[in-house]
Amino acid sequence: MMPAEPALPRTSQRLRRVLPWVLLVGLLAVAQTALVRLTLDYESAREQELVEQTATVAASDIKQSLGRDLQSLQALLWNEPPREQWLRDAAELLRARREMVRIERRDLEMAIESDVDTPYRPPLFTQLRREAIDIDAEVACATATRLSGPAYSRSYFLPLPGGLGVELLDVCLPVLERGRLAGYMVASYALQGLLTEAVNQEIGQRHELAFVEGDGTRLARAGSIARGRGVFVSQRLIDLPGMALQLRLDSGAGEPDLIPNLATALVLGLSLALSAVVLLLVRDVRKRAAAEHGLAEALAFRKAMEDSLVTGLRARDLEGRITYVNPAFCEMVGFAAAELIGKMTVHNPPPYWPPELVDEYSRRQQVRLAGSLPPREGYETVFMRRNGERFPVMVYEAPLVDGQGRHTGWMSAVLDLSAQRRAEELSRQQHEKLQATARLATVGEMASLLSHELNQPLAAISSYATGSINLMHAGEVDAATQRAIRGAIERIAEQAERAGRVIKSVHDFVRRREHLREAIRVDQLIDAVMPLVKLQARKSATRIEIDLPMPPLPMPRVVCDRTMVEQVLLNLTRNGIQAMEAVAPEHRVLRLQVRQTQTRWVEFAVVDQGPGIADEVAERLFTPFFTTKSEGMGLGLSLCRTVVEQHGGLLVFSNRTPEHGGGTEFRFTLASEPGSAASRRAVPGPPARQAQDADLH
């Protein structure tokens, strides 16, 4: 067996379980952030690309517009038209080209021969004369002369009345007559008008167009928006003969918004949805983890419960194949679970089936698996251990139902009856030993009773015989002496008969047979024992007092074995007389009292005036063979209690207080004759034992 892997601390297990989720959430956050950033960058790049394309289109439009203007200007010089014709054509051109604000004809000295202003604005050179800012036009014309073609000047600012001004651009075309340079034609453009007229209006509605210098100074601007946001900007150089214009296009769009952008919104929406899915997944995983934890706890609890069971458990499928056994079952039969699972019937029987019973067990299993027998009804059978030992078992089976309520097999609880059988055998042996011991005890008890109870009549016979012999040896036997001797002989005969009854009663008592009980008055019981009591009392000078109900009260009657009860009375009176041997003769009084205390019970009391019973003696007073007399056998009181209890009564004793005369009082009860006069007069009361206890306390 491989050593078990040491269990990780609880904190490490929690970190190991939480770490993948932390990494997943972190990666998800990084991925979502990067995706949003890339989406915003893509949107920005797409917007910038759109601005670049728009700037290219705008620059192309401006260049094409300037090209068309050059063609129109050159058309003014076609076939060297007269001055009036040129003026009309120039005015017509200015009405068609709103960006063009002035057209001039100059001679070789740059002096203005003719000029036409645009009809769309007041004349430009009213505040400042044209000749004052002619330097740029002269440079352009010099360049045009050198290039033998049109050339553009640098832009320049022309102040206007009211503090305003306009940025102008001149283009100079050389005028040839018969192949020789005859002068120049200069056209002026308003840069803002050029932007407004040359560029598509749709571009101007969404962008700010401006001509700027190299240092960023804006020369002119156009566009319907108030000002570009400076986020998406594109610049293009418009290369013209003699100079270059720098066109700057500023988009009205700002930074891409996070939400209004559709792609970003989709990404964010998907990210939020993914986050929600992850949260739901985390919640589901937590529920699953809690369920798995609960299931693991339940399985551990069930396994601990199954391991602690001493009852074997066995599960079988519908075909009778063993699918599960618990450790108690394996320990019971001595086979491992792997040796049992999968075993089935005759051709593959379980190893715990005795070989000689395989056929019978297979038939029984078929009947049981057919479901014809009621469930949970146990049956006793015999299994076999690994060492071949057969042992009895009790099997209880019930249907095995899965979570969907389908019957999938049978579950059996197997109880090993070996210990029970051994206990029953041991109990039987012990019972036989107890019976043998009881018989021996009965024999000993019978012998003790015989020896004890025969002592009384034999002693009386001996006394009467001795007295008779003494009378006969005293001298002449007269009539009185003969009567005395005859009386003594009659007493001897009575005591001999009494000895016979004692033997028979003791024999019946030891054999636990039904005693020969009779109903008798209590005074007759007292009278029967009084001769022997008085004989013993006379020796010790003890006075006997009899306390019986006097007429008209009825005399109580009891149902008893007369001989045994007489022996009880004789034993108690003898003990009382012996207890008063050390007492002064005048105080030696023994009182016998009988009362019908209850409807069912008659109480007898024997009261002496002795010193009482010490506490250490009282604890063992009724113990057999316990005695304080040197010649005693210790059986008298124990036999008296046995006789009284055999009659259903109770024998108790108590020491009387000095105020009540001292001494000891023995009291016992006997069943009264039902329907007797004394019984009818008595009041109902508690059972004998409770009544005795109440009186004693």
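Numbers for residues simply follow the sequence, beginning at 1.
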With a 4.5 Å cut-off on side-chain heavy atoms, are W86 and V116 touching?
yes
What distance do E331 atom CD and D416 atom CG have between them, rounded to the nearest 0.5 Å?
10.0 Å
Looking at side-chain heavy atoms only, is the closest gap between S155 and Y189 below 4.5 Å?
no
Out of curiosity, L66 CG to I62 CD1, how far, rounded to the nearest 0.5 Å?
7.5 Å
Which pair of non-hydrogen atoms, one from L76 and one from A90, has the smallest distance, and what is that distance?
CD2-N, 3.7 Å
Salt-bridge test for E49 and R46: reply yes if a basic N is under 4.0 Å from a carboxylate O, no otherwise.
no
Student check: side-chain heavy atoms of L340 and F329 closer than 4.5 Å
yes
Rounded distance (nearest 0.5 Å) linking atom CG of L247 with atom CG of L195:
6.5 Å
Between CE on residue M185 and CG on residue L77, distance to nearest 0.5 Å
4.0 Å
Which heavy atom of D117 sits nearest a heavy atom of P123, and at what distance?
OD2-CB, 3.8 Å
Mind checking whether T145 and L181 have side chains closer than 4.5 Å, heavy atoms only?
yes
Taken to the nearest 0.5 Å, the spacing of E99 CD from S65 OG works out to 4.5 Å
Nearest atoms (heavy-atom pairs only) where A182 meets L108:
C-CD2, 3.7 Å
Determine, stepwise, if the pair Y396 / V414 fulfils side-chain contact (heavy atoms from CB on, under 4.5 Å).
CA-CA 7 Å; Y396 297 92; V414 183; over 6 Å; no
If the threshold is 4.0 Å, N to carboxylate O, is there a salt bridge linking D69 and R98?
no
Stepwise side-chain hydrogen bond (donor to acceptor under 3.5 Å, both in side chains) test for Q246 and Q235
CA-CA 7 Å; Q246 188 170 358; Q235 293 184 355; 2.6 Å; yes
Check: T381/R364 side-chain N/O donor and acceptor closer than 3.5 Å
yes
Salt bridge or not between E397 and R314? Use side-chain N to carboxylate O under 4.0 Å.
yes
State, with a plain yes or no, whether a side-chain heavy atom of V233 is found less than 4.5 Å away from one of S251.
no
What distance do Q85 atom CD and W78 atom CH2 have between them, rounded to the nearest 0.5 Å?
15.0 Å
Under 3.5 Å: donor-acceptor pair, side chain of H207, backbone of I203:
yes
Take R248 and E213, measure what salt bridge (Lys or Arg N to Asp or Glu O under 4.0 Å) needs, and give me the verdict at the end.
CA-CA 10 Å; R248 183 173 185 264; E213 292 183 343; over 6 Å; no
Main chain of L400, side chain of T408: is a donor-acceptor contact present, judged purely on distance under 3.5 Å?
yes
For R321 and T323, does a side-chain donor sit closer than 3.5 Å to a side-chain acceptor?
no
Can you tell whether the side chains of D250 and R218 come within less than 4.0 Å, N to carboxylate O?
no
Compare every heavy atom of G312 with every heavy atom of M332, then report the nearest pair and how far apart it is.
CE-N, 3.8 Å
How about E177: does its CD atom have over 12 heavy atoms from other parts shown lying under 6.0 Å from it?
yes
In sequence, state the C-alpha distance, the side-chain angles, and the governing distance for E339 and R386, and then conclude on side-chain contact (heavy atoms from CB on, under 4.5 Å).
CA-CA 11 Å; E339 298 177 281; R386 179 182 283 275; 2.5 Å; yes
Main-chain N/O of A137 paired with D134 side-chain donor or acceptor, under 3.5 Å:
no
Do R129's NZ or CZ and the ring of F125 fall within the cation-pi criteria of under 6.0 Å and 45°?
no
E167/R221 salt bridge by N-O under 4.0 Å criterion:
no
Mind running side-chain contact (heavy atoms from CB on, under 4.5 Å) on L240 and M243 for me, showing each step along the way?
CA-CA 5 Å; L240 300 174; M243 61 90 64; 3.9 Å; yes
Are the side chain of R106 and the backbone N or O of M110 linked by a donor-acceptor pair below 3.5 Å?
yes
Is the shortest side-chain heavy-atom distance between M100 and L94 below 4.5 Å?
yes
N/O donor-acceptor pair under 3.5 Å between N326 side chain and L313 backbone
yes
For the residue pair L128 and P159, establish whether any side-chain heavy-atom pair is separated by less than 4.5 Å.
yes
Main chain of R178, side chain of E80: is a donor-acceptor contact present, judged purely on distance under 3.5 Å?
yes
With side chains defined as the heavy atoms from C-beta onward, is the minimum distance between D402 and H407 less than 4.5 Å?
no
Audit row: R105, R83, side-chain contact (heavy atoms from CB on, under 4.5 Å) steps and yes/no
CA-CA 9 Å; R105 284 290 301 268; R83 180 173 179 273; over 6 Å; no
E52 side chain to Q48 side chain, donor-acceptor N/O pair below 3.5 angstrom
yes
To check you understand the geometry: which heavy-atom pair defines the closest contact between P174 and P150, and what is its length?
CD-N, 4.2 Å
Check for a donor-acceptor pair, side chain of N79 on one end and backbone N or O of P81 on the other, with a separation under 3.5 Å.
no
Could you tell me whether D115 and R102 make a salt bridge, using a distance below 4.0 angstrom between a side-chain N and a carboxylate O?
yes
What are the two closest non-hydrogen atoms of L191 and F211, and how far apart are they?
O-CE1, 3.6 Å
Steps toward side-chain hydrogen bond (donor to acceptor under 3.5 Å, both in side chains) verdict (Y156, D170)
CA-CA 9 Å; Y156 56 91; D170 294 339; 2.8 Å; yes
